[in-house]
Engineer: 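The structure under discussion is supplied below as structure tokens; questions concerning it will follow.
We count residues from 1, following the sequence as given. Hydrogens, waters and symmetry mates are skipped; everything else that's a heavy atom, side chains included, is used. Just so you know, these numbers come straight off a predicted model, no measurement behind them.
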Amino acid sequence: KQIVKLSNNHYHNLTNNFAIDEKLATSINSTYSLISKYDKNYFEDLIFIASIQNSKLKFFKGLWLNLIFPLILLGKFKFDKIIFINSYWVLLKSKTFDMYTLYKKLTNFIFTFFNFKSNYSYCSIYLGDLYYEEDTRGKLHTYLKRNELSSEINFDSNKDKFIYPISSKLVSSFVNIFVENNLAIPSNNIRIKAFENKIKLADYVGLFKKSRNVNFNPIFNEFDEIESPKEIIFDFYLKDFMFEQNLSSYFSSLR
């Protein structure tokens, strides 16, 4: 949602459970109204962000959202560009049978397959650990902020585990460039590595402590296995050359 809000585009909300400021988007409440109301050439681009949490109870909802819905969109509309917010989790062996990543892979396959038969440009962005202003999700930085005045903080992960921080502003700036045709792409199907920056968990925590001027004692799980995403060929890399400084500033801004 933050990535879309920071883009310079007028957009429509194509799912009725996507809570967003009504001033920024035209809400479409049902698939039927989407199909019946809009001409096949009405939409120029598609930014597909939809995904489900890792839950077996959402199996059928996931099939609808990540299989049937993309097929409906592709069957009805002629997009110039499709941007899919993917995840570096799909490249982790430990997530092979994770519902969230399985559906991500399924959606990516659909967009890639139909890309060979259509004229749209397809961009799959393998996102790292996204952070943004007023981010209240149950993420690591939220956990740290909530417990920063404790004497000790326990972590489930190994201190050498890598975190892949990336700002929503960086991703949004790329989306704008891609949508506005200001990027020379090598083909109609490109993959973006948006987890180029990495920092060990212990260093991440240390940077947080320094930025916030707090002095808790971190307790790590030394027995947790360390895993890195498998290497694949990417067309572009989203790299923040000042990511530690920007991350520190972000930590300092947390309220």
Side-chain angles (χ1 to χ4, degrees), residues 1-4 14-15 17-19 46-74 82-115 122-132 135-144 154-168 171 189-201 204 220-234 237-238:
K1 180 172 67 174
Q2 290 297 320
I3 292 172
V4 175
L14 301 183
T15 55
N17 62 345
F18 182 29
L46 169 66
I47 303 176
F48 196 90
I49 311 173
S51 60
I52 64 165
Q53 296 176 341
N54 185 33
S55 170
K56 292 181 180 179
L57 298 177
K58 296 182 179 179
F59 175 77
F60 292 106
K61 182 178 180 180
L63 285 178
W64 161 254
L65 198 60
N66 295 89
L67 172 63
I68 300 175
F69 194 51
L71 290 174
I72 291 175
L73 293 174
L74 291 171
I82 295 179
I83 300 172
F84 177 49
I85 303 300
N86 214 325
S87 171
Y88 79 96
W89 274 26
V90 303
L91 304 177
L92 295 174
K93 289 182 179 179
S94 61
K95 304 294 183 181
T96 300
F97 299 104
D98 179 287
M99 294 284 287
Y100 171 80
T101 56
L102 281 175
Y103 282 128
K104 285 285 186 184
K105 292 177 181 178
L106 178 61
T107 305
N108 184 67
F109 172 79
I110 292 171
F111 287 143
T112 301
F113 177 79
F114 281 92
N115 172 252
Y122 177 51
C123 174
S124 179
I125 304 179
Y126 290 76
L127 205 63
D129 299 302
L130 189 73
Y131 66 90
Y132 51 86
D135 184 359
T136 58
R137 298 170 300 160
K139 300 296 181 179
L140 178 56
H141 61 267
T142 311
Y143 176 69
L144 288 169
N154 290 289
F155 299 89
D156 292 333
S157 301
N158 193 302
K159 63 182 176 62
D160 292 323
K161 177 183 178 179
F162 281 112
I163 309 296
Y164 302 91
I166 184 167
S167 168
S168 60
V171 181
N189 189 343
I190 63 175
R191 296 191 287 193
I192 310 295
K193 182 178 181 180
F195 58 98
E196 179 71 1
N197 298 116
K198 62 182 179 180
I199 181 173
K200 289 184 177 180
L201 176 58
Y204 183 97
F220 300 102
N221 179 2
E222 300 298 333
F223 300 99
D224 181 49
E225 294 185 7
I226 301 172
E227 182 183 5
S228 297
K230 68 179 181 181
E231 292 294 328
I232 63 174
I233 298 175
F234 292 96
Y237 299 83
L238 285 183

Engineer: Mark yes or no for whether Thr142, through its side chain, and Gly138, through its backbone, hold a donor-acceptor pair below 3.5 Å.
Structural biologist: no
Engineer: Is there a donor-acceptor contact under 3.5 Å from the side chain of Asp224 to the main chain of Ser157?
Structural biologist: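 Side chain of Asp224 to backbone of Ser157: no pair is present.
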Engineer: Just wondering, more than 12 heavy atoms not from Phe109 lying within 6.0 Å of its CZ?
Structural biologist: no
Engineer: Under 6.0 Å from the CD atom of Glu225, do we count more than 12 heavy atoms belonging to anything else shown?
Structural biologist: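 No.
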Engineer: Kindly give the heavy-atom pair with the smallest separation between Pro70 and Phe48, and that separation in Å.
Structural biologist: CG-CZ, 3.8 Å
Engineer: Nearest 0.5 angstrom please: Thr101 OG1 to Leu106 CG, how far?
Structural biologist: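 With rounding to 0.5 Å, OG1 (Thr101) is 11.5 Å from CG (Leu106).
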Engineer: Which heavy atom of Ile166 sits nearest to which heavy atom of Ala194, and what is that distance?
Structural biologist: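 Looks like CD1-O, 3.3 Å.
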Engineer: Taking the side chain as everything from C-beta on, heavy atoms only, tell me whether Leu73 gets closer than 4.5 Å to Ile82.
Structural biologist: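 No - every pair of side-chain heavy atoms lies 4.5 Å or more apart.
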Engineer: How long is the gap from CD1 on Ile190 to CG on Asn115, to the nearest 0.5 Å?
Structural biologist: 10.5 Å
Engineer: Given 3.5 Å as the limit, does a donor-acceptor pair link the side chain of Lys230 with the main chain of Val90, or not?
Structural biologist: no
Engineer: Counting only heavy atoms not in Lys95, do more than 12 sit closer than 6.0 Å to its NZ atom?
Structural biologist: yes
Engineer: Determine whether Leu74 and Ile110 make a side-chain contact, defined as any pair of heavy atoms from C-beta on separated by less than 4.5 Å.
Structural biologist: yes
Engineer: Quick one: does Asn158's side chain have a donor or acceptor within less than 3.5 Å of a partner on Glu222's backbone?
Structural biologist: yes
Engineer: With a 4.5 Å limit on heavy-atom distance, are the side chains of Phe111 and Asn189 in contact?
Structural biologist: no
Engineer: Roughly how far, to the nearest 0.5 Å, is the CD1 atom of Ile83 from the CD1 atom of Ile125?
Structural biologist: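 So the gap between those two atoms works out to 5.5 Å.
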Engineer: Whether the Tyr100 and Asn66 side chains hold a donor-acceptor pair (N or O, under 3.5 Å, no angle test) is what I'd like checked.
Structural biologist: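 Distance-only check fails for Tyr100 and Asn66.
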Engineer: Looking at every heavy atom in both Ser124 and Asn86, which two are closest together, and how far apart are they?
Structural biologist: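 Looks like OG-ND2, 3.0 Å.
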Engineer: Is the shortest side-chain heavy-atom distance between Leu127 and Ser87 below 4.5 Å?
Structural biologist: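 SC-SC contact between Leu127 and Ser87 ruled out.
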Engineer: Does the pair Asn108 and Tyr126 meet the rule for a side chain to side chain contact (heavy atoms under 4.5 Å, CB included), with working shown?
Structural biologist: CA-CA 11 Å; Asn108 184 67; Tyr126 290 76; 4.0 Å; yes
Engineer: Once you round to the nearest 0.5 Å, how far does NZ of Lys161 lie from OG of Ser228?
Structural biologist: 10.5 Å
Engineer: Please confirm whether Lys198 makes a cation-pi placement over Phe162, using NZ or CZ under 6.0 Å from the six-membered ring centre and within 45° of the ring normal.
Structural biologist: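 Positive - Lys198 is close enough to the ring of Phe162 and near enough to its axis.
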Engineer: Taking the six-membered ring of Phe195, is NZ or CZ of Lys193 closer than 6.0 Å to its centre and within 45° of its axis?
Structural biologist: yes
Engineer: Show your working on side chain to side chain contact (heavy atoms under 4.5 Å, CB included) between Tyr131 and Ser167 and close with a plain yes or no.
Structural biologist: CA-CA 5 Å; Tyr131 66 90; Ser167 168; 3.9 Å; yes
Engineer: Do the non-hydrogen side-chain atoms of Leu144 and Phe155 ever get within less than 4.5 Å of each other?
Structural biologist: yes
Engineer: So how far is it from Phe84 CZ to Ile47 CD1, rounded to the nearest 0.5 Å?
Structural biologist: 13.0 Å
Engineer: Would Arg137 and Tyr132 count as a side chain to side chain contact (heavy atoms under 4.5 Å, CB included) if you check the C-alpha gap in whole Å, the side-chain angles of each, and the deciding distance to 0.1 Å?
Structural biologist: CA-CA 10 Å; Arg137 298 170 300 160; Tyr132 51 86; 3.4 Å; yes
Engineer: Atom CD1 of Ile163 and atom NE2 of His141: how far apart are they, to the nearest 0.5 Å?
Structural biologist: 12.0 Å
Engineer: If I compare all heavy atoms of Ile192 with all of Leu238, which pair ends up nearest, and what's the gap?
Structural biologist: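 Looking at all heavy atoms of both residues, the closest pair is CG2-CG, 3.8 Å.
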Engineer: Leu63 and Tyr103: side chain to side chain contact (heavy atoms under 4.5 Å, CB included), yes or no, with the steps?
Structural biologist: CA-CA 8 Å; Leu63 285 178; Tyr103 282 128; 3.8 Å; yes
Engineer: Taking all non-hydrogen atoms of both residues, which atom of Ile232 and which atom of Arg191 are closest, and how far apart?
Structural biologist: CD1-NH1, 3.7 Å
